[in-house]
Amino acid sequence: MKIHYNAFSFALIQFSLSMMNSMFTFYYVNLFLNTYKISQRWFTYAESIYLLWSSFNDPLFAYIQDTSSLAIFHRRRLAILYGAPLLALSFVLPWFPWGNYEDNDWLTGLHLIVSLCLYDTMLTFVLLAHCALYAEISFRHEERLRLTKYCQFASLFGSSAVLWAEMISNNFTNFRRFQGFCIMVALVGWLAMHIATKALKSEYESPSDSERAWDRDVLLDNERTSIWTLYQQIFSQRNVVILIVVNFITELHITFGRNFLSIFGDELIPKFFISDGLRKALYGSIFLLPQLFVILGAPFIERLGGYRIYMLLFFVKIITSLLLYISEASPFFLAIFFVLDTSLPMAASKIFNLLMSDCIDADMERNKRVNPLSSMFFAANAVIIKPAQSIAPIIVVALLNSNGFEEVRSGRTVDPETLGQLRFVMFQIAWLVPFISGILQVAMWLKYSLRDSHLAGSKTVNTIYGSNI
């Protein structure tokens, strides 16, 4: 297999981001609750501040990166190059206590607030530049698909950092070893991003390019355009709105699957039907299968395009949800269904960047832009879908608790009638979530018009780009 070095360099950044982000999201709650013993009050304060800041910094940084005349902001490689060491430092920050937390609960809360906000700030800064590079490295569909494939391999290796951390720290019981491993992850992540940005090339910049005069003029003109005007231009495009709303529904579905797969599986699939080892493998497979689906399905994506693959996935989840309903909670079909229903939406999210890049290209043609507003497009999506990560758990937990879930889980009741009602509600949720979301997505996706971008090549956008050089 011949290695494509530009795609490999791009995937190296994905490897670093996956490695650090999987470690951070998997461990920080456990660390502050069980090791630092943060109070519920301060934990709630910190999470609330983090949610507010997280919603604010995405559009802000995107606007700065797409409109600033400073090279460190609008040059994607430079944003990653100089943002990488700061991201690595912010990643290390939570794992080292600031003092004695037993008598200073406020200090634990301050530590969590600073850790969350600083890490999210630097992750957003680097991640937006990385997503923008995806759209700007090449205008050709096959090149973007190659980037997607390489990134799936990178995500597989990067996400395995959690497994290595578990082994090295003996399931998080040897904290000094864990701290040492986190320092190593930060150093490897920074080094990988440093090397990658030195080698990367895109249609808009290369490592040796000097600043173009027309590029400065366009950026200075963008600086005079308000953030509200630019976002209004983005959201005035029907295809962009449809794609983001469809992705919001996908994120709801993914969040539901990740949070409730093990809960629903433990209640609806009898313990005698699947052993504990097989059950763990079943739950763990959802972190592996989405990447494999994209890697193995790349030839079909190249031939059919992202639009048709999305539509196919929507119909698959509608059909499988109906089959589950007909099966009447068959344990065998439930096991297959849970794996597919969690993995397929995650696989769909892996090719989202491919479709968003088509919208960015169309925006360049529509508004006669020289430089794309790539960061702002991805930030617009982030702002819309982030609430889905809170909405899905809140709704499902409310439905379950109204049917005795809290009592059953706490062991306060063994009433067979209550347990039967709870399992009935779980089964109804299990098939209705993919069925309803699939119907809504098909209805919206039929109105999406950028269907054959995989056949159009780079003719239109290259014409716009070339006419301004």
Side-chain angles (χ1 to χ4, degrees), residues 6-29 54 76 79-81 83-92 94-95 116 119-134 137 144 146-168 178 181-197 199-200 251 254-255 257-258 284-295 298 342-343 345-354 356 378 381-382 385-386 389:
N6 209 37
F8 180 80
S9 299
F10 183 80
L12 242 135
I13 301 172
Q14 179 65 43
F15 165 76
S16 302
L17 294 173
S18 295
M19 185 169 55
M20 286 191 278
N21 201 44
S22 61
M23 286 280 295
F24 191 93
T25 56
F26 191 83
Y27 284 112
Y28 90 85
V29 173
S54 180
R76 315 303 187 188
I80 298 172
L81 180 66
L86 296 176
L87 175 60
L89 286 173
S90 67
F91 168 77
V92 171
W95 320 121
L116 286 175
Y119 176 75
D120 185 69
T121 297
M122 297 317 306
L123 179 66
T124 298
F125 186 77
V126 173
L127 189 59
L128 283 174
H130 185 243
C131 289
L133 268 175
Y134 180 93
I137 281 179
R144 288 170 174 172
R146 180 186 287 122
L147 294 178
T148 301
K149 289 170 58 179
Y150 273 64
C151 281
Q152 300 319 302
F153 282 112
S155 294
L156 280 174
F157 287 109
S159 300
S160 67
V162 173
L163 175 62
W164 288 106
E166 287 287 288
M167 294 172 60
I168 290 171
F178 178 81
F181 182 73
C182 287
I183 292 174
M184 189 190 75
V185 166
L187 289 173
V188 170
W190 164 74
L191 185 62
M193 286 190 279
H194 183 83
I195 294 171
T197 51
L200 264 175
E251 189 64 27
I254 290 172
T255 305
R258 281 177 173 170
S285 66
I286 67 169
F287 296 99
L288 176 67
L289 289 177
Q291 286 89 347
L292 292 179
F293 285 153
V294 175
I295 293 168
T342 307
S343 300
M346 292 172 69
S349 71
K350 304 296 181 185
I351 59 174
F352 168 79
N353 286 5
L354 196 65
M356 182 58 89
F378 285 105
N381 171 70
I385 70 167
K386 278 186 177 180
Q389 298 167 4

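As the structure is a computational prediction, the values presented were derived from the model and not from experiment.
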Hey, mind stepping through Leu147 and Leu354 against side-chain contact (heavy atoms from CB on, under 4.5 Å) and telling me if it holds? CA-CA 9 Å; Leu147 294 178; Leu354 196 65; over 6 Å; no
Looking at Ile385 and Glu251, what are the two nearest heavy atoms and their distance? O-CG, 3.9 Å
Just verifying a value: how many Å separate Leu12 CG and Cys151 SG, rounded to the nearest 0.5 Å? 10.0 Å
Would you please name every residue forming a side-chain hydrogen bond (donor to acceptor under 3.5 Å, both in side chains) with Thr148, sequence neighbours left out? Tyr134
For the atom pair CG (Leu116) and CG (Leu123), what is the distance rounded to the nearest 0.5 Å? 12.0 Å
Among all residues two or more places apart in sequence or in another chain, which pass the side chain to side chain contact (heavy atoms under 4.5 Å, CB included) test with Pro85? Trp190
With sequence neighbours left out, the residues meeting side chain to side chain contact (heavy atoms under 4.5 Å, CB included) with Phe293 are Leu289, Leu340, Ser343, Leu344, Ala347
Validation: residues 158-167 side-chain donor-acceptor distances under 3.5 Å, sequence neighbours left out:
residue, atom, partner, partner atom, Å
Ser159, OG, Ser155, O, 2.9
Ser160, OG, Phe157, O, 2.5
Glu166, OE2, Tyr27, OH, 2.5

What residues form a side-chain hydrogen bond (donor to acceptor under 3.5 Å, both in side chains) with Asp120, not counting sequence neighbours? Asn57
With side chain to side chain donor-acceptor pair (under 3.5 Å) as the rule and sequence neighbours excluded, what pairs involving residues 121-131 come up? Trp53-Thr121
When every non-hydrogen atom of Ser22 is compared with those of Thr25, the smallest separation belongs to O-OG1, 3.5 Å
Ring pair (Phe, Tyr, Trp, His ring centres under 6.0 Å) filter on Phe15, not counting sequence neighbours, yields none
With sequence neighbours left out, the residues meeting side-chain hydrogen bond (donor to acceptor under 3.5 Å, both in side chains) with Gln152 are none
Do other residues, nucleotides or ligands put more than 12 heavy atoms under 6.0 Å from Phe8 CZ? no
Test of understanding: with side-chain hydrogen bond (donor to acceptor under 3.5 Å, both in side chains), list the residues that count as partners of Asn21, not counting sequence neighbours. Tyr119
Does Cys182 have any side chain to side chain contact (heavy atoms under 4.5 Å, CB included) partners at least two apart in sequence or in another chain, and if so, which? Met23, Phe91, Trp95, Phe178
Looking at side-chain heavy atoms only, is the closest gap between Phe125 and Ile80 below 4.5 Å? no
Rounded to the nearest 0.5 Å, what's the gap from CD1 on Ile295 to CZ on Phe153? Could you check? 4.0 Å
With sequence neighbours left out, the residues meeting side chain to side chain contact (heavy atoms under 4.5 Å, CB included) with Ile168 are Arg177, Phe181
Which value, rounded to the nearest 0.5 Å, describes the distance between Leu17 atom CG and Met193 atom CE? 5.5 Å
Does the side chain of Leu86 reach to within under 4.5 Å of the side chain of Val126, using non-hydrogen atoms? no
Closest approach of Asn6 and Ala199, non-hydrogen atoms and distance? OD1-O, 4.0 Å
Reported CD-to-CG distance for the pair Gln14 and Leu156, which is rounded to 0.5 angstrom: 10.5 Å
At what distance, to the nearest 0.5 angstrom, does CG of Leu81 lie from CD1 of Ile195? 11.5 Å
